[in-house]
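In what follows, a single structure is set out as structure tokens and then discussed.
Per chain, numbering begins at 1; letters A, B, ... match sequence-line order.
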Amino acid sequence: MTVVTRFAPSPSGFLHIGGARTALYNWLFAKHHAEYGSGGRFLLRIEDTDRKRFTEEAVNAITDGLSWLGLEWDGDAVSQFSHAQRHAEVARQLLAEDKAYKCFCTPEELREMRQAARQEGRSKLYDGRWRDRDPAEAPEGAEPTIRLKMPQGGETVIEDLVQGPVTVANDELDDMVLLRADGTPTYMLAVVVDDHDAGVTHVIRGDDHLTNAFRQAQLFLTLGWDLPAFAHIPLIHGPDGAKLSKRHGALGVDAYRDQGFLPEALCNYLLRLGWSHGDNEIISRDQAIEWFGLDAVGRAAARFDTDKLTSLNGHYIRQAGDAKLIDLIMPSLTESLNGNLADDTAGRLEKGMAGLKERAKTLIELSENAEIYATTRPLALDEKASRLLQDDGREHLGLLRPRLEALGEWNLKGLEKATRDYAESAEIKLGKAAQPLRAALTGRTVSPGIFEVMEILGRDETLGRLDDALSGINKL
RNA sequence: GUCCCCUUCGUCUAGCGGCCUAGGACAUCGGCCUCUCACGCCGAAAACACGGGUUCGAGUCCCGUAGGGGACGCCA
């Protein structure tokens, strides 16, 4: 049997980080069955039943986010709203079969009912007052909603693939609205019909839908349709343990992209957040497809930890190809230097990327660190660097400079030897010479190996930057 | 409030009755490497929420308690 999963976000304006994980799990589950089972498809459906929320940009935000993460869906993204006719038909059919009924309650009545229920400690809100009432008693001109006749007595059991069997007494379930007074379908009706029509076999979604599953299961049953398998994955919480919300900061995957995270890192992190395969931490896409299964999904909510994501990101940056990284940082590099890039920037970055990427945990950092190769003279010095260029620091530079200039071949080995020889003759530690060099050549106190930097910068640029520092013409 | 779910180091987790004096990863703290920072390597501190059972034996099974979370819309 071919497995069919689906990701069904509502257009909220961005791809929520929790939604991203849900999408990832659905995608992996389908891919796993496609490659190691008897087939798998991953569908994307936009839950735009509530037209008030719908905008084209909101839909684009979701598809862009999924594409960035590399989670391609099968077929076209489907609009749930476009199936409204079909949903209404199903509701009318239920009505004709006496499995649903018209409810003429006013919003005020409903509000009172809810209040009373709460006061009396009942969770069943709607009392079903129109269930057996003659529609002839309806108030003049009132447009009814269509409600489903839920079973009275007994219980509903969901065999959840993650949570295990979950049971609720049917008396806790009230008759839910299928069709609104204006004739549009509710989410409850729409998901069930769409999942059935699309042949969805596995509904993998957030834990917050678990209680909905009871109601939806009853709808499937009264429609005489096969129940899909349900898998409710725990939610992602903020560092404080509450459901991730705006006050926790970055919610959309686009925010993480902007902060310099790689999609590979985010996927790896999200995968590991709530799912495990023994002690494995770094898991490639292919490996994930092979290993992924619902049985290894945890049942407790997990807190989002940016530190771990960052660490993973550092790993994926180190592993990424130099050319790819250069492409990724070029825009921000150009921007931060106001478009004034040194002529040989590309060449220097190609040589220097290996040393650069080892020291960056985000693309933002990488870009900032790469400025030393792209910037033009005279360099700006940060505070600590300018302090290194006072007094004996500058003195050493002045004495070292001729030794460097005299070098026949300008390469790492020779540069290092010349500097070491100088340090020895001056009876100072290498660092006493290397740090002022770093300050003069990069404007900073932290950088890749300084002899590497000198080699990449080349003789002219290195000597030039040295002279700038010696004459003190750097910007602060 | 009602219903549902959850509970191993600070965080993510391994553990599916004896292999656990509870393992890994991130973070933290030491140390090594070293021209700085990072990487890498070595090491330390750090957890089975509590109480009852079941069993020869429980982190692992059952029941309570406590704590946390989620759902209670003509939103999705």
Side-chain angles (χ1 to χ4, degrees), chain A residues 8-12 47-50 52-53 80 103 105 107 110-111 114 117-126 143-147 158 160 163-164 166-169 172-174 176-182 184 186-188 190-191 206-214 232 234-235 237 239 241-243 269 272-282 295 298-312 314-315 318 355-361 365 369 384 388 416 419-420 423 429-439 442 444-451:
Chain A
S10 56
S12 60
E47 306 268 50
D48 53 356
T49 322
D50 181 4
K52 290 192 285 284
R53 288 198 197 181
Q80 182 159 72
C103 168
C105 282
L110 257 13
R111 210 172 304 135
R114 238 171 272 145
R118 226 186 172 94
Q119 232 149 41
E120 292 162 32
R122 286 182 284 112
S123 68
K124 184 170 173 174
L125 271 9
Y126 175 69
E143 287 300 327
T145 58
I146 308 288
R147 285 183 185 268
I158 302 291
D160 196 276
Q163 306 291 342
V166 185
T167 308
V168 74
E172 300 291 339
L173 275 19
D174 51 12
M176 63 179 172
V177 173
L178 263 21
L179 230 47
R180 300 187 185 105
D182 65 2
T184 59
T186 61
Y187 159 77
M188 286 291 182
V191 243
D207 218 349
D208 50 344
H209 286 282
L210 184 56
T211 49
N212 290 333
F214 296 122
H232 289 94
L235 298 178
H237 285 173
K243 186 177 178 178
Y269 178 70
R272 205 48 200 74
L273 194 65
W275 174 87
S276 61
H277 185 272
D279 284 338
N280 296 97
E281 296 286 349
I282 306 278
D295 49 332
R299 294 192 290 176
R303 300 184 189 204
F304 195 88
D305 180 16
T306 308
D307 280 342
K308 190 153 181 175
L309 203 211
T310 303
S311 162
L312 233 22
H315 168 85
R318 267 171 262 137
L356 245 23
K357 68 184 181 186
E358 200 153 282
R359 294 169 168 79
K361 290 205 158 56
E365 262 183 56
N369 295 347
K384 286 184 200 157
L388 279 171
E416 176 162 2
T419 309
R420 281 188 187 280
K429 283 187 167 181
L430 181 59
K432 281 286 180 194
Q435 275 306 82
L437 264 181
R438 190 182 319 278
T442 69
R444 306 167 179 186
T445 53
V446 173
S447 82
I450 197 58
F451 306 114

Given the structure, check if the side chain of [X] and the base of [N] hold any donor-acceptor pair shorter than 3.5 Å.
| X | N | value |
| --- | --- | --- |
| A:Asp305 | B:A27 | no |
| A:Arg359 | B:C37 | yes |
| A:Asp207 | B:G70 | no |

What's [X] touching, base or sugar-phosphate or nothing? Going by heavy atoms closer than 4.0 Å.
| X | value |
| --- | --- |
| A:Arg147 | sugar-phosphate |
| A:Phe451 | base |
| A:Arg438 | base |
| A:Ser447 | base |
| A:Glu281 | base |
| A:His277 | nothing |
| A:Lys243 | sugar-phosphate |
| A:Thr184 | nothing |
| A:Thr145 | base |
| A:Pro448 | base |
| A:Ala181 | base |
| A:Gly274 | sugar-phosphate |
| A:Lys361 | sugar-phosphate |

In terms of side-chain heavy atoms of [X], which of [options] is nearest?
| X | options | answer |
| --- | --- | --- |
| A:Arg272 | B:A14, B:A76, B:C12 | B:C12 |
| A:Lys308 | B:G24, B:G70, B:C74 | B:G24 |
| A:Gln435 | B:C35, B:A27, B:C6 | B:C35 |
| A:Leu110 | B:A76, B:C35, B:C74 | B:C74 |
| A:Ala302 | B:C75, B:C5, B:C12 | B:C12 |

Please give the distance between the [atom1] atoms of [N] and [M] as a whole number of Å.
| N | M | atom1 | answer |
| --- | --- | --- | --- |
| B:C4 | B:A49 | P | 23 Å |
| B:C39 | B:G30 | P | 16 Å |
| B:A47 | B:A38 | P | 28 Å |

Problem - Member of A:Val177, A:Leu179, A:Ile146, A:Thr49 meeting the side chain to side chain contact (heavy atoms under 4.5 Å, CB included) criterion with A:Thr186 - result: A:Val177
Which nucleotide, if any, forms a Watson-Crick or G-U wobble pair with [N], using both distances under 3.5 Å?
| N | value |
| --- | --- |
| B:U55 | none |
| B:A66 | B:U7 |
| B:G43 | B:C29 |
| B:A22 | none |
| B:U2 | B:A71 |
| B:U60 | none |

Between [N] and [X], is there an OP1 or OP2 to side-chain N/O distance shorter than 4.0 Å?
| X | N | answer |
| --- | --- | --- |
| A:Thr445 | B:U36 | no |
| A:Arg303 | B:G68 | no |
| A:Arg114 | B:C74 | yes |

[atom1] of [X] versus [atom2] of [N]: gap in Å, rounded?
| X | N | atom1 | atom2 | answer |
| --- | --- | --- | --- | --- |
| A:Glu358 | B:U36 | CD | P | 15 Å |
| A:His209 | B:C75 | NE2 | P | 15 Å |
| A:Tyr187 | B:G73 | OH | C1' | 14 Å |
| A:Asp160 | B:A71 | CG | C1' | 15 Å |
| A:Leu273 | B:C12 | CG | P | 8 Å |
| A:Asp307 | B:U28 | CG | C1' | 10 Å |

Fill in the blank from the handout: By nearest-heavy-atom nucleotide on RNA chain B, the more 5' of A:Ala300 and A:Glu143 is A:Ala300
Exercise for the section: Could you please spell out the steps behind the side-chain contact (heavy atoms from CB on, under 4.5 Å) verdict for A:Lys384 and A:Gln435? Expected result: CA-CA 11 Å; A:Lys384 286 184 200 157; A:Gln435 275 306 82; over 6 Å; no
Practice task
Check whether any side-chain N or O of A:Thr310 sits under 3.5 Å from a backbone N or O of A:Thr306 as a donor-acceptor pair, and report yes or no.
Solution key: yes
Practice task
Verify the distance criterion only: is there a donor paired with an acceptor across the side chains of A:Thr442 and A:Arg438 at less than 3.5 Å?
Solution key: no
